S.K.: 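The structure follows.
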Amino acid sequence: MTTLFLAGVALCTAFPDVVTDAAVAQQSRTTPKLASDLQSLSWGSLAVGGFFGCGVSGAAVHSFGAQGSYLLISVAPLMLIVAALALSENRLPKKSLNFQFEALLRTLRLFGQTLRDPILWKPALYIYLSQGSLCPDISEAMFFWFTDPVSGPGFNEEFMGLVNAVGYLAMFIGVAGYNYRFRSQTFRKMFLWSQVASSFIGLLDIILVSRVNLRMHIPDRAFVLSDTALTDAISKLKLMPMLVLSAQLCPNGIEGTVFAFLMSVSNFGLTSGSWFGALLLKWLHVQKDDYSRLWLAVLIRSLMRLSPLLFLFLVPDCTVESIKPPNIALPYDLEIEEITKDIELCDKVSVHGSDE
């Protein structure tokens with residue numbers, strides 16, 4: 001039952017997320033020069049909210065328990081109602097509602113046509129490969145090791161909340177760094193160096209899990225906080241060009257559909273990485289009471305992060321302002337223009353009626 005409720009929460013969260021992504025993608029296509037700014041604003045806001053949320057999460061779990069913490073975080077989604085009321089949009093005329101099913105079918109056909117264009121499917125394939133399908137994810141094993149008082153450092157809830165808060169702060173720094181320093185770089189160059197940096201930073205975990213940091217007189221907490229800050233900042237430098245690229249690849253008329261598809265590909269890549277990581281941990285016999293080969297899992301994970309570079313040719317070698325979206329015929333655009341004219345006419349009639 002708990003799983004069903006959590007799945008419902010994820011579903012409810014996905015709807016406003018897709019709407020936000022569609023709006024950002026649409027505006028990015030309208031004004032390409034602002035594409036990086038829009039993504040930075042979106043993810044920067046997430047970083048600020050996550051920083052304050054994680055800052056109190058550990059204390060909340062410790063003080064209120066699991067049920068009290070869930071009750072506390074359930075209040076936050078109510079703020080979406082305020083955000084929804086602040087959005088201004090025009091209602092479609094009644095006569096256009098009869099064409100919704102036909103419009104849906106046309107959207108699906110256009111989406112299928114878009115997928116066949118190499119301009120879209122090649123970057124989509126790279127996004128899937130780079131997000132984790134080639135890189136095993138062992139974060140769950142690392143979490144259990146962090147909280148293990150015998151084999152690991154034995155961190156408590158408050159410190160793990162602090163680690164997440166530092167991660168969100170580093171996320172904000174990474175987003176700001178991309179927007180003000182690296183936005184003019186080509187996509188290939190950004191993916192190249194962020195992937196190399198991610199691999200190098202991941203190797204530092206070997207120092208931690210092998211306890212070499214203690215022999216170097218570096219406390220566990222200081223090492224983990226520094227490592228988390230570097231990892232999250234680099235990951236966002238890798239994520240931001242992917243988001244900007246995804247937004248720019250969305251053709252007019254089906255921005256929300258294409259962007260949601262690309263994000264689904266990204267999420268499926270992360271899920272594939274977690275499956276890959278579970279198989280790797282099972283193969284190395286890393287389990288809750290035996291972390292002797294965790295360092296080897298960290299080494300394999302870090303080296304595998306370089307494997308997506310073999311497929312870097314799938315990414316267009318251009319900047320955000322010079323990329324071209326898939327070229328498809330959009331007969332639906334004509335209907336959109338007619339519907340827009342009807343909306344404007346309805347607005348004029350309503351304004352004229354109110355004046356009388």
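For the numbers below, each heavy atom of this structure counts, side chains included, while hydrogens, waters and symmetry mates do not. Keep in mind the model is a prediction, meaning the values are calculated, not measured.
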S.K.: Partners of D220 by side chain to side chain donor-acceptor pair (under 3.5 Å), sequence neighbours excluded?
M.R.: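 Side chain to side chain donor-acceptor pair (under 3.5 Å) list for D220, sorted by chain: R211, N213.
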S.K.: Can you check side chain to side chain contact (heavy atoms under 4.5 Å, CB included) on V175 and F172, steps first, answer last?
M.R.: CA-CA 5 Å; V175 169; F172 181 81; 5.7 Å; no
S.K.: Answer yes or no: is there a donor N or O on one side and an acceptor on the other, between the side chain of S199 and the main chain of V196, under 3.5 Å?
M.R.: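 The answer is no, because no donor-acceptor pair under 3.5 Å joins these two groups.
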S.K.: For S198, what residues pass the side chain to side chain donor-acceptor pair (under 3.5 Å) criterion, not counting sequence neighbours?
M.R.: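 Here the qualifying residues are R305.
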S.K.: Measure the shortest side-chain to side-chain distance between F200 and S302 over non-hydrogen atoms and say whether it is less than 4.5 angstrom.
M.R.: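 F200 does not reach S302 side chain to side chain.
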S.K.: List the residues meeting side chain to side chain donor-acceptor pair (under 3.5 Å) with Y168, not counting sequence neighbours, and say none if there are none.
M.R.: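 Y168 satisfies side chain to side chain donor-acceptor pair (under 3.5 Å) with no other residue.
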S.K.: Does NZ or CZ of R221 lie under 6.0 Å from the centre of the six-membered ring of F159, at an angle within 45° of the ring axis?
M.R.: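 Ring-cation test returns yes.
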S.K.: I'd like to know if the side chain of K238 reaches the main chain of S130, judged simply by a donor and an acceptor atom lying under 3.5 Å from each other, with no hydrogens or angles considered.
M.R.: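 Checked: pair present.
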S.K.: Taking all atoms of both residues into account, what is the closest heavy-atom pair of S194 and I234, and its distance?
M.R.: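 For S194 and I234, the tightest heavy-atom pair comes out as O-CG2, 3.6 Å.
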S.K.: Would you mind writing out the side-chain donor-acceptor pairs for residues 261-268 within the sub-3.5 Å range, not counting sequence neighbours?
M.R.:
from, atom 1, to, atom 2, distance (Å)
S264, OG, A260, O, 2.8
S266, OG, Q131, NE2, 3.1
N267, ND2, M263, O, 3.2

S.K.: State which residue, out of F313, F191, F311, fulfils the ring-ring contact (aromatic ring centres under 6.0 Å, His included) condition with Y126.
M.R.: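 Going through the options one by one, the only one that passes is F191.
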S.K.: Quick one: side chains of residues 148-155, donor-acceptor pairs under 3.5 Å with protein atoms, not counting sequence neighbours, listed by atom name and distance.
M.R.:
from, atom 1, to, atom 2, distance (Å)
D148, OD1, V150, N, 2.8
D148, OD1, S151, N, 3.2

S.K.: Are the side chain of R301 and the backbone of I138 linked by a donor-acceptor contact shorter than 3.5 Å?
M.R.: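 Not at all, since once roles are kept as given, no pair shorter than 3.5 Å links the two residues.
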S.K.: Looking at residues at least two apart in the chain, or sitting in another chain, which of them share a side chain to side chain donor-acceptor pair (under 3.5 Å) with S292?
M.R.: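 Only D290 meet the side chain to side chain donor-acceptor pair (under 3.5 Å) criterion with S292.
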S.K.: Step by step, work out the side chain to side chain contact (heavy atoms under 4.5 Å, CB included) result for F223 and T228.
M.R.: CA-CA 8 Å; F223 190 95; T228 300; over 6 Å; no
